[in-house]
Protein chains: 2
Amino acid sequence: MLQAALRSGAAHRRAVFEVFARHLPEGRRYGVVAGTERLLDALADFRFGEEELDFLSSTRVVDPPTLAFLADYRFSGHVRGYREGDLYFPGSPIMVVEGTFAEAVLLETLTLSILNHDCAIASAASRMVHAAGTRPIIEMGSRRTHEAAGVAAARAAYIAGFDCTSNLMAGHRYGVPTAGTSAHAFTLLHDDEPTAFRAQIDSLGPDTTLLIDTYDVAEAVRTGVELAGTGLGAVRIDSGDLALAAQQVREQLDSLGAFGTRIVVTSDLDEYTIAALAVAPVDGYGVGTSLVTGSGAPTAALVYKLVAREDSSGRIRPVAKRSVGKPSKGGLKSAYRRLSPAGTATAEIVVTAGQPLPEGRPLLHELIKNGERVHNEPLSAARARHRASMAELPPEAHQLSRGYAAIPTVFD
Amino acid sequence: MLQAALRSGAAHRRAVFEVFARHLPEGRRYGVVAGTERLLDALADFRFGEEELDFLSSTRVVDPPTLAFLADYRFSGHVRGYREGDLYFPGSPIMVVEGTFAEAVLLETLTLSILNHDCAIASAASRMVHAAGTRPIIEMGSRRTHEAAGVAAARAAYIAGFDCTSNLMAGHRYGVPTAGTSAHAFTLLHDDEPTAFRAQIDSLGPDTTLLIDTYDVAEAVRTGVELAGTGLGAVRIDSGDLALAAQQVREQLDSLGAFGTRIVVTSDLDEYTIAALAVAPVDGYGVGTSLVTGSGAPTAALVYKLVAREDSSGRIRPVAKRSVGKPSKGGLKSAYRRLSPAGTATAEIVVTAGQPLPEGRPLLHELIKNGERVHNEPLSAARARHRASMAELPPEAHQLSRGYAAIPTVFD
């Protein structure tokens, strides 16, 4: 495609690509933007090196003029986008890329890969955080997804309000707080459960979290409090009827005087099972599989579409395909979130270039200007923005049940 | 966990970990092993460098003796495993890791991340390949998954029988054959469709694949054959009722004399929609989203469990937790596929150490011995093995409808 456009000359036309979702995952009321800063990091290194060019040349994937173009490739255009942690709805132009067709079309796969993954995870995470209320959630899904995706998932979950992750690389690379846990293997490694618990308490102090369901839960609780004292930090339950087990363990802990010992539950939790545990005496959740797989929606269905390009006279003209059943709307756009006087979001306003600007909170921000990154923010800013954007939504947006987009998207 | 075990001394006990799936994704009849060679590649580099150690030290994630252990870390044990392309069933011990507890427990996340991802993709891909019959399938899902996962997904799909991928990195890194396609953006970039088609044919020759649903399909077919001649390679349809559209396009192509022009269809295909197109005049499929998300099962649910370890007397003893509803079986195991005289698979036989060895095809092969990789095979071997293992299955295993594991897993 690039090769043919270089040959026809059209590759050098100014072009505008837009990232948007035609729909949210079935029944979801909002999506969460994540991945923007990861994309900006990746774009800084997006070049074709000798090794890549050799491959493309030896396999004849592209012709020599295209190879020459790729060898000099460096994105010199502009990128505007929604900032991480903010929300999006069907049709929200969450990223707008302007440049020549050639330089902008090359960014499709990288851009969509990062945004589709990270938005999917953050969108699922946000619902889990809401379901958990004030109770903390640990992200622990790395082992259920691609080894690099796990790091990005931990970052996206933190933006959406998770408290920490078991992925140490996410701590190292992005500063996400980390937390560990012991596994059944640790208990099984030792000759018996008391020996294992003693080893853990000796090394980590009584404030540690003991895993209590390797053998008999009630016996493990008794042993744990006996060895750590009533200052035992927490116990973790990873199997069985968690609501019932938490109730029984709470009663036992209280009867032993361990009133401050917390109860953490894990075991294939998702937003629904978290919500179902609201009345159980649970102090924290660990979530793995359902987080890293987007809780039923592992990709965000974002697309990267040409919405405007220069014509032969040099004017920028909106374009849109007419494929059956795949709506898209041409034109360079900007977007605003309309808020009521009380600060509640009432609509996503998407305006095509040339139309009068509406009232509302501007959603598109400059990220790259003339090829230079002009936006760089700490993860804490994205996390705070997510909380603020969520607080703008009408209350019904937070229902877990299937429904429709929380606010309408209004074009022009 | 590692720190506490180092302190108690138990970390140095000999231990055996096993990778297995307690269940297949709902309704699936078999799983496909993939990721083994990727894991062996990754293990060769699995060290803790200065940067990682600084992070662990400055954040006090672990204590100084643990840091010292990690600084010297190098896996020196043994790994046996099912080879890529082979099939697995609930309880199949697809990988067995032997070493000290400390060195083996550290490999859990890396091992499961790679195998859970790659097996999930290969398992979905295998069903799509079967549904497609003799028609080729192109993998084109990179933009719908994490940027690194897309490369691994293309590789896993190829093992399971996909013909090629649009992911050039998978071509570069793993030698997967690559194929490109033009997007609606290419047509929209040009002033009109004939200009776009002419540019593509000029650059790539008449044997190229024209995308025909940007505006009007019938007009695009007419234009395509007019410009490329009846030797036009292929046309791609990406929207609408694909069966109907393919029928109409086939009739139109034939009426224009373009009998050899192939019809490729794309648009959120999965194994079911591929199967539904069996009677349509389609010559090839492009599959994206459903492939990279495992067609409803984005992770393989593989776990990494301690199944045996040394006791205080130095003997290796089987261990297994008793957690409610999460079956696992202790002991060092080997596995064989029992075949009928006609060569049809009849059972997965899993044998604990010390039991007599059964008849059947041995499934576990040495991959790492004393820390050294002893297995390394080209991707083509995995692809051939997949075909051979599939041919062993009874015919009912290939049904797309929901069912049960194709063969029973028999322990001892």
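Numbered from 1 within each chain, the chains take letters A, B, ... in sequence-line order.
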May I ask you to decide if A/Asp238's main-chain N or O and A/Ser267's side chain share a donor-acceptor pair within less than 3.5 Å? yes

Heavy-atom side-chain proximity of B/Leu6 to B/Pro65 below 4.5 angstrom: no

Count the heavy-atom pairs under 4.5 Å between each of B/Ser182, B/Gly141, B/Ala148 and chain A, then report the option with the highest count. B/Ala148

Looking at B/Ala308, B/Gly330, B/Ala183, which has the largest count of heavy-atom pairs under 4.5 Å with chain A? B/Ala183

Need one label for A/Ala11: side chain, backbone, both or neither, based on atoms under 4.5 Å from any heavy atom in chain B. backbone

What part of B/Arg144 gets within 4.5 angstrom of chain A, counting heavy atoms only: side chain, backbone, both, or neither? both

Residue list, salt bridge (charged side-chain N to carboxylate O under 4.0 Å, His left out) with B/Arg317, at least two apart or on another chain: B/Asp311

Partners meeting salt bridge (charged side-chain N to carboxylate O under 4.0 Å, His left out) with A/Arg309 (sequence neighbours left out): B/Asp191

With B/Val19, the side-chain contact (heavy atoms from CB on, under 4.5 Å) member among B/Leu107, B/Val97, B/Leu302, B/Leu39: B/Leu302

I'd like to know if the side chain of A/Gln200 and the backbone of A/Thr209 have a donor-acceptor N/O pair within less than 3.5 Å. yes

Any residue meeting salt bridge (charged side-chain N to carboxylate O under 4.0 Å, His left out) with B/Arg38, in chain and number order, not counting sequence neighbours: A/Glu147, B/Asp118

Under 4.5 Å to a heavy atom of chain B? For A/Ala15 that would be neither

Options A/Pro298, A/Ala149, A/Ala301, ranked by heavy-atom pairs under 4.5 Å with chain B, top entry: A/Ala149

Residues of residues 50-59 of chain A with a heavy atom under 4.5 Å from any heavy atom of chain B, in residue-number order, are A/Glu51, A/Glu52, A/Phe55, A/Leu56

With the side chain counted from C-beta on, respond yes when A/Tyr174 and A/Thr165 share a heavy-atom pair under 4.5 Å apart, and no when they do not. no

Closest-packed option against chain A by number of heavy-atom pairs under 4.5 Å, given B/Ala152, B/Gly9, B/Gly150, B/Gly171: B/Gly171

Greatest number of non-hydrogen atom pairs under 4.5 angstrom with chain A, of B/Asn116, B/Val292, B/Leu188, B/Leu168, falls to B/Leu188

Non-hydrogen atoms of chain B under 4.5 Å away: do they reach the side chain of A/Ser312, the backbone, both or neither? both

Got a second to check how far A/Arg155's CZ is from A/Arg173's CZ, nearest 0.5 Å? 11.0 Å

Side chain to side chain, A/His184 and A/Leu211, heavy atoms closer than 4.5 Å: yes

Residue part contacting chain B, namely of A/Ala320, when any heavy atom lies under 4.5 Å: backbone

Looking only at heavy atoms and a cut-off of under 4.5 Å, which of B/Arg7, B/His117, B/His146, B/Glu310 has the most pairs with chain A? B/His146

Are the side chain of A/Asn167 and the backbone N or O of A/Ser142 linked by a donor-acceptor pair below 3.5 Å? no

B/Gln3 side chain to B/Thr66 backbone, donor-acceptor under 3.5 Å: no

Side-chain heavy-atom pair A/Val61, B/Thr178 within 4.5 angstrom cut-off: yes

Bottom line for A/Phe17: the part with an atom under 4.5 Å from chain B's heavy atoms is side chain

Can you tell which of A/Leu189, A/Thr109, A/Val319, A/Thr181 has the highest number of heavy-atom pairs within less than 4.5 Å of chain B? A/Leu189

Chain A: which of B/Leu110, B/Leu115, B/Thr187, B/Asp202 shares the most heavy-atom pairs with it under 4.5 Å? B/Asp202

Side chain, backbone, both or neither of A/Thr289 within contact of chain B (heavy atoms, under 4.5 Å): side chain

